[in-house]
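One structure is given here, and the rest of the page talks about it.
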Amino acid sequence: VIYSGSVVVDWHDTSGLFGGRPGLVAIFTHHNAGSAPLGPEVQSIATSADRGRTWTAYVHNPVIANPGVRDFRDPKVFWHAPTQHWVMVVTHNGDRVHFYTSKNLRQWTFTGEFGAGQGAHNATWECPDLFELPIDDDPRRTQWVLNVSTFHETDASNRVGMQYFVGDFNGTTFTNANAASTVLTTDQGRDNYAAVTWSDVQASHGHRLMIGWMNDWAYARVIPTQPWRGAMTVPRELRLGRLRGGVRLLQRPLRELECLREQQTHWDHQIIAPNASLWHREVRAALEIVMTIRLEAATECGVRVLSGDGEQTTVGYDVPTATLFVDRTRSGKTDFAPTFAGRYGGPLDATEGSVMLRIFLDRCSVEVFGNEGECAVTSLIFPEEDTRGLEFYALGGTARILALDVYHLRSV
């Protein structure tokens, strides 16, 4: 069985497998390759000389044997220019990552590990990624981000779906810039998992791009969809920025998504109060909502999407706790998993008394980005087909919408 991995462009035929021309090399986990019931997991490669149309397994697989552990999977490989070698980061034993280097993608040398006693360890680590980003868009000051997913098949209260570490990488191993107990959550929602980035696009695009699997292993096999299970998130641009707690990962929707915008409705300087909500009806399933809210006296404010006939999903900002959240308690079908019908979110500081929300709404998902990407909340929802209400609300006092744009989006 083939599990997750990554693909690189071997531009200069370092592998010696393409006759001096560029080619694609896939590096992936072979699972259950031996006789043991749950393993071993080993790392193998395959090659393509026709831009990925056909693939040939390497005759000397595996390129890295199992080191004697049950969980050893999901290799992410990239070229490290300063040291002129390939780097592989792969999860090891469910609670750390191992680093390997290679000159040719065929022979690999173990160079170090990271993770024991670092961050959250309430579930099995998998699907690692490692990349360098500038801080505050300054190319002279950079740090590295190590992203890992944590595999849950239960609805544990202390779950962390994806976590990341910020630090330094010298070509062989990673050093955490924060205290070992620091837990940085990549997405504050339940449904962004195993997200990966592209390696070669950053030079031309200017940002690191990431996309994730929109689902959660706690209920992935039972969500009320047929015949598919889950979807992909919108692609996101990644940056590092200095926030109150230190250097943190920021993520914003891919700028090219703006080409999907069609019909636009605009408001500005609208007062919303507990008894005077702002409505916009007859909306499509696919929307982009961009709004800046001055909090004023409100204790909570935001927008209720896909509402009607007792259903609604609330995208809100809780003022006393400075929390951006998605509440899907009454979002439609919720009884297929014990804790699906909950409220999930994370910290977001107001800027001069205001917050900016950017929301992507689709037929069964809502993805929310706060301010400049300091907080992302990704959630699956399963409303009735004809539920299309949209309501901007405030609780506890008035709030003012400084600017609001609602875009209908054409299908991709």
Side-chain angles (χ1 to χ4, degrees), residues 1-7 26-29 31 41 71 73-77 89-91 94 97 120 122-131 145-156 159-164 184-199 201 208-238 249 251-254 257 286 326 328 331 336-337 339-340 342 344-346 359-369 373 375-382 412:
V1 178
I2 291 178
Y3 272 15
S4 302
S6 53
V7 177
I27 308 94
F28 56 89
T29 298
H31 177 81
E41 294 177 343
D71 299 303
R73 59 178 175 267
D74 309 330
K76 179 62 185 289
V77 173
V89 53
V90 58
T91 57
V97 297
N122 57 336
T124 302
W125 285 21
E126 57 183 12
C127 302
D129 198 359
L130 179 65
F131 46 89
V145 177
L146 174 63
N147 214 3
V148 296
S149 295
T150 49
F151 175 76
H152 295 261
E153 281 197 297
T154 60
D155 279 322
R159 66 193 332 281
V160 177
M162 289 183 64
Q163 64 176 322
Y164 70 95
L184 303 177
T185 305
T186 309
D187 195 297
Q188 303 293 341
R190 286 288 298 266
D191 299 308
N192 188 359
Y193 192 81
V196 292
T197 64
W198 283 266
S199 294
V201 74
R208 193 80 177 187
L209 304 185
M210 180 179 77
I211 195 169
W213 177 50
M214 198 187 307
N215 216 330
D216 187 312
W217 276 118
Y219 44 73
R221 297 180 178 93
V222 297
I223 60 175
T225 59
Q226 181 67 30
W228 52 281
R229 288 285 187 263
M232 305 307 291
T233 68
V234 296
R236 303 170 184 198
E237 300 174 347
L238 302 183
L249 185 66
Q251 49 188 309
R252 295 184 294 196
L254 181 70
L257 290 169
V326 173
R328 60 184 183 189
S331 58
F336 53 87
T339 63
F340 182 88
Y344 306 100
I359 304 165
F360 280 81
L361 179 67
D362 208 343
R363 196 172 299 275
C364 69
S365 64
V366 57
E367 301 175 65
V368 187
F369 303 88
C375 183
V377 187
T378 304
S379 298
L380 288 171
I381 52 175
F382 302 101
V412 296

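The structure presented is a predicted model; accordingly, all values stated were derived computationally and were not measured.
The nearest pair of heavy atoms linking Ala286 to Asp362 is CB-OD1, 4.1 Å. Considering all non-hydrogen atoms of both residues, Met210 and Leu238 come closest at CB-CD1, 3.8 Å. Between Cys375 and Gln188, the shortest heavy-atom distance links the atoms SG-CG, 3.7 Å. Scanning all heavy atoms of the two residues, the minimum distance from Val7 to Ala26 falls at CG2-CB, 3.9 Å. Of all heavy-atom pairs between Ser149 and Ala195, the closest is OG-N, 4.4 Å. Shortest non-hydrogen contact noted between Ala376 and Arg236 is CB-NH1, 3.9 Å.
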Notebook entry, point to check: Checking side-chain contact (heavy atoms from CB on, under 4.5 Å) for the pair Met214/Glu367: CA distance, chi angles, key distance, verdict?
Noted result: CA-CA 10 Å; Met214 198 187 307; Glu367 301 175 65; 3.4 Å; yes
Next item on the list: Go through Met162 and Val148 one step at a time and tell me if the side-chain contact (heavy atoms from CB on, under 4.5 Å) criterion holds.
Entry: CA-CA 6 Å; Met162 289 183 64; Val148 296; over 6 Å; no
Notebook entry, point to check: Would Asp216 and Arg221 count as a salt bridge (charged side-chain N to carboxylate O under 4.0 Å, His left out) if you check the C-alpha gap in whole Å, the side-chain angles of each, and the deciding distance to 0.1 Å?
Noted result: CA-CA 9 Å; Asp216 187 312; Arg221 297 180 178 93; over 6 Å; no
Next item on the list: Decide side-chain contact (heavy atoms from CB on, under 4.5 Å) for Ile2 and Thr29; before the verdict, give the C-alpha distance in whole Å, the side-chain angles of both, and the deciding distance to 0.1 Å.
Entry: CA-CA 6 Å; Ile2 291 178; Thr29 298; over 6 Å; no
Next item on the list: Kindly indicate, with the supporting measurements, whether the criterion side-chain contact (heavy atoms from CB on, under 4.5 Å) is fulfilled by Ser199 and Lys76.
Entry: CA-CA 10 Å; Ser199 294; Lys76 179 62 185 289; 4.3 Å; yes
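Using a distance-only test at 3.5 Å, with no hydrogens or angles considered, a donor-acceptor pair links the side chain of Ser6 to the main chain of Val77. Side-chain N or O atoms of Gln163 include none that pairs as donor or acceptor with a backbone N or O of Thr186 at under 3.5 Å. With hydrogens and angles ignored, the 3.5 Å screen pairs no side-chain donor or acceptor of Asp187 with any backbone N or O of Asn192. Within the 3.5 Å criterion, the main-chain N or O of Leu249 finds a donor-acceptor partner in the side chain of Tyr164. In this structure a side-chain-to-backbone donor-acceptor pair under 3.5 Å is missing from Thr91 to Gly94. Glu126 contributes no side-chain N or O that, together with a main-chain N or O of Asp74, makes up a donor-acceptor pair within less than 3.5 Å.
For Tyr344, the OH atom sits in a packed shell: over 12 heavy atoms of surrounding residues, nucleotides or ligands are nearer than 6.0 Å.
Classification of the Phe369-Phe360 ring pair by plane angle, with boundaries at 30° and 60°, yields perpendicular.
Here the straight-line distance linking atom OH of Tyr3 with atom SG of Cys127 works out to 11.0 Å at 0.5 Å rounding. Separation of atoms OG (Ser331) and CZ (Phe382) is listed at 8.5 Å; rounding is to 0.5 Å. Summarising the geometry, atom CG belonging to Leu257 is positioned 9.0 Å from atom CD belonging to Glu237; distances are rounded to the nearest 0.5 Å.
Not counting sequence neighbours, Arg229 has no partner by the salt bridge (Lys or Arg N to Asp or Glu O under 4.0 Å) test. For Asp191, the salt bridge (Lys or Arg N to Asp or Glu O under 4.0 Å) criterion is met by Arg328, not counting sequence neighbours. Residues satisfying the salt bridge (Lys or Arg N to Asp or Glu O under 4.0 Å) criterion with Asp71, sequence neighbours excluded, are Arg73.
At a threshold of 4.5 Å between non-hydrogen side-chain atoms, the residues Val145 and Leu130 do not count as touching. The side-chain heavy atoms of Tyr219 and Phe336, taken from C-beta on, include a pair separated by under 4.5 Å. Looking at heavy atoms from C-beta onward, Arg190 lies in side-chain contact with Thr339 at the 4.5 angstrom threshold. Proximity of Pro235 to Leu209: side-chain heavy atoms (C-beta onward) are nowhere separated by under 4.5 Å.
When Thr197, Val234, Thr233 are each tested for a side chain to side chain contact (heavy atoms under 4.5 Å, CB included) with Ile211, only one passes: Thr233.
A donor-acceptor contact closer than 3.5 angstrom is absent between the side chains of Asn147 and Asp129.
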